[in-house]
Amino acid sequence: MQREGVTDQLKRPIRDLRISVIDRCNFRCPYCMPEEIYGDQFEFIKKDQWLTPDQILKLGRAFNSLGVRKFRITGGEPLLRKDVFEIIQKLKSIDGIEDIALTTNGMYLSRSLDKLKLSGLDRITVSLDSINEDTFKYMSGGKGDLTKVLEGVYDAIDHGFAPIKLNVVIKKNINDMEVLNFIDCFKGAPVILRFIEYMDVGNLNQWNHSEVVTSKIILDTINKEWQAKPLESNYVGEVASRYLIEDINMEIGFISSISNPFCGDCHRARITADGKFYTCLFANRGHNLAGLIKSDVDEKELINHISSLWKARNDRYSETRDIKIKFPTEKVEMFHMGG
Ligand code: SAM
Ligand code: SF4
Ligand code: SF4
């Protein structure tokens, strides 16, 4: 049942679904899952509550009928889920899906690439916050191995996934001094660096505005050595502003949720591993779709329900945030919803 044109209160269509397939992770990045909070005792979603590949397919079909054309598989760390390949393969079978991407911390990427290719995955984004071994260790909560992640990036290129997007979350006095090193390290390689402003997602990372380095500051730093020229967006609602460093033919991007919010074109919906639907990254409440997904009621009921939730949507958190209020609302955590 194709039902084009579902729009929300601010006339935004639904185009993009981010599916978190797991909330567990092998890293403990301090800005996402600080170790002191997410220790051995922390209760993640129980495995028997995870949506199965068939349930995710049902959900994917429902969202597709409302206008979704792209899926992003995320987590937690999606490559920790053994059936992630089956999930991708099933989503790929849906007519009208143009693109399936995966966001990963890269630790298990090399060993997963053959199966990811076979599953029909189109694109890979790797999170890589530092190219200095010590800083990388720190930024991954002591869990990451830089050499292994870099191997994953280059193996992914060899498997035909180029260009690989590299997400770099910049935190002041931690990795902001590495911006030019990143460019030197990857010049000539088919990668797109995307510098991300540290965001106030969740409630537990002790976010503080003073630790944010704005995209403008990063761009100014780059322009001291190179000349980065703005590029047109690839499509309406693209999250990153794109630039080209012509001298080395390198594309870079900036995700400026703090300094230049992009709610006006936000076409993204998010779903958690246990089937909760969020209409905003900063939402404090999810809509539980698990019952409808798991029951054998007609798919139309699920579609109608999602449609009515999207039509009621009026989120624009980033445009209205007040940084003076420390924790304005209870928000869902990033690892739970997948970024
Ligand atoms: N574990 C995978 C990974 O790290 O790529 C996928 C999930 S992770 C939650 C998705 C993205 O969210 C990562 O690129 C991560 O850097 C980003 N992220 C997490 N917390 C963030 C924060 N507070 N500010 C900005 N980006 C954040
Ligand atoms: Fe794990 Fe990704 Fe969060 Fe880091 S950002 S803790 S890798 S989910
Ligand atoms: Fe979209 Fe919410 Fe982010 Fe605005 S704050 S861009 S509505 S996810």
Side-chain angles (χ1 to χ4, degrees), residues 1 3 6-10 12-25 32-33 37-38 42-68 70-78 80-81 83-84 86-87 90-91 94 103 201-204 266-317 327-339:
M1 183 178 37
R3 193 194 307 209
V6 179
T7 52
D8 69 9
Q9 295 288 302
L10 303 173
R12 299 169 295 189
I14 182 169
R15 288 272 174 261
D16 188 333
L17 179 66
R18 301 187 173 211
I19 306 172
S20 171
V21 294
I22 186 169
D23 63 345
R24 297 161 203 231
C25 189
C32 178
M33 293 176 83
I37 294 165
Y38 299 98
F42 189 81
E43 282 195 29
F44 291 97
I45 300 173
K46 295 199 172 42
K47 285 188 181 173
D48 61 7
Q49 290 174 354
W50 290 351
L51 298 181
T52 64
D54 281 324
Q55 290 162 354
I56 293 175
L57 172 64
K58 181 172 173 185
L59 190 73
R61 275 202 305 255
F63 274 95
N64 174 240
S65 76
L66 293 169
V68 164
K70 294 182 180 180
F71 295 125
R72 178 168 293 276
I73 309 298
T74 176
E77 175 44 45
L80 287 180
R81 194 159 158 176
D83 54 3
V84 67
E86 190 186 343
I87 293 171
K90 291 207 179 269
L91 290 172
I94 301 173
T103 306
V201 276
N203 316 284
L204 302 173
C266 180
H267 308 151
R268 282 168 297 281
R270 296 174 160 87
I271 196 95
T272 60
D274 58 350
K276 294 200 180 66
F277 170 43
Y278 285 88
T279 54
C280 176
L281 183 55
F282 297 90
N284 56 0
R285 201 171 73 83
H287 307 277
N288 199 347
L289 303 182
L292 277 177
I293 298 168
K294 291 178 184 176
S295 74
D296 41 9
V297 294
D298 192 330
E299 230 164 89
K300 266 191 234 153
E301 230 176 281
L302 177 62
I303 295 170
N304 286 341
H305 188 52
I306 298 170
S307 169
S308 63
L309 293 172
W310 190 262
K311 282 181 185 159
R313 175 188 194 239
N314 60 3
D315 306 276
R316 47 192 288 268
Y317 174 87
F327 296 118
T329 57
E330 274 290 302
K331 293 170 280 179
V332 66
E333 298 301 323
M334 184 77 140
F335 71 93
H336 194 59
M337 190 162 35

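Because the structure is a prediction, the values reported are computed rather than measured.
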For the atom pair [atom1] ([X]) and [atom2] ([Y]), what is the distance rounded to the nearest 0.5 Å?
X: T272; Y: L51; atom1: OG1; atom2: CG; result: 7.0 Å
X: R72; Y: R268; atom1: CZ; atom2: CZ; result: 10.0 Å
X: L292; Y: H287; atom1: CG; atom2: NE2; result: 13.0 Å
X: D54; Y: L59; atom1: CG; atom2: CG; result: 12.5 Å
X: C32; Y: Y38; atom1: SG; atom2: OH; result: 7.5 Å
X: N304; Y: E301; atom1: CG; atom2: CD; result: 7.5 Å

Flag if over 12 foreign heavy atoms under 6.0 Å of CG, D48: yes

Sequence-distant partners of [X], side-chain contact (heavy atoms from CB on, under 4.5 Å), two or more places apart:
X: D23; answer: F44, I45, F335, H336
X: L10; answer: D8, R12, R316
X: E86; answer: P53, D83, K90
X: A290; answer: N288, K294

V21 and I19: CA distance, side-chain angles, deciding distance, side-chain contact (heavy atoms from CB on, under 4.5 Å) verdict: CA-CA 6 Å; V21 294; I19 306 172; 4.1 Å; yes

Intermediate values then yes/no, side-chain contact (heavy atoms from CB on, under 4.5 Å), I87 and R81: CA-CA 10 Å; I87 293 171; R81 194 159 158 176; 3.8 Å; yes

Stepwise side-chain contact (heavy atoms from CB on, under 4.5 Å) check, I73 with L91: CA-CA 10 Å; I73 309 298; L91 290 172; 3.6 Å; yes

Min side-chain heavy-atom separation L302-V297 under 4.5 Å: no

Steps toward side-chain contact (heavy atoms from CB on, under 4.5 Å) verdict (E299, K58): CA-CA 8 Å; E299 230 164 89; K58 181 172 173 185; 3.9 Å; yes

With sequence neighbours excluded, residues passing salt bridge (charged side-chain N to carboxylate O under 4.0 Å, His left out) with D274: K276

Which atom names give the shortest non-hydrogen contact between [X] and [Y], and what distance separates them?
X: W310; Y: P13; answer: CZ2-O, 3.4 Å
X: C25; Y: E77; answer: SG-CB, 3.8 Å
X: Y278; Y: A283; answer: CD2-CB, 3.7 Å
X: I306; Y: A62; answer: CD1-CB, 4.0 Å
X: S20; Y: G75; answer: OG-CA, 3.5 Å
X: L66; Y: I14; answer: O-CG2, 3.2 Å

Trace of the salt bridge (Lys or Arg N to Asp or Glu O under 4.0 Å) decision for D315 with R313: CA-CA 6 Å; D315 306 276; R313 175 188 194 239; 3.8 Å; yes

Residues in ring-ring contact (aromatic ring centres under 6.0 Å, His included) contact with F277, at least two apart in sequence or another chain: F63

Backbone N/O of C280 and side chain of R270: donor-acceptor pair under 3.5 Å: no

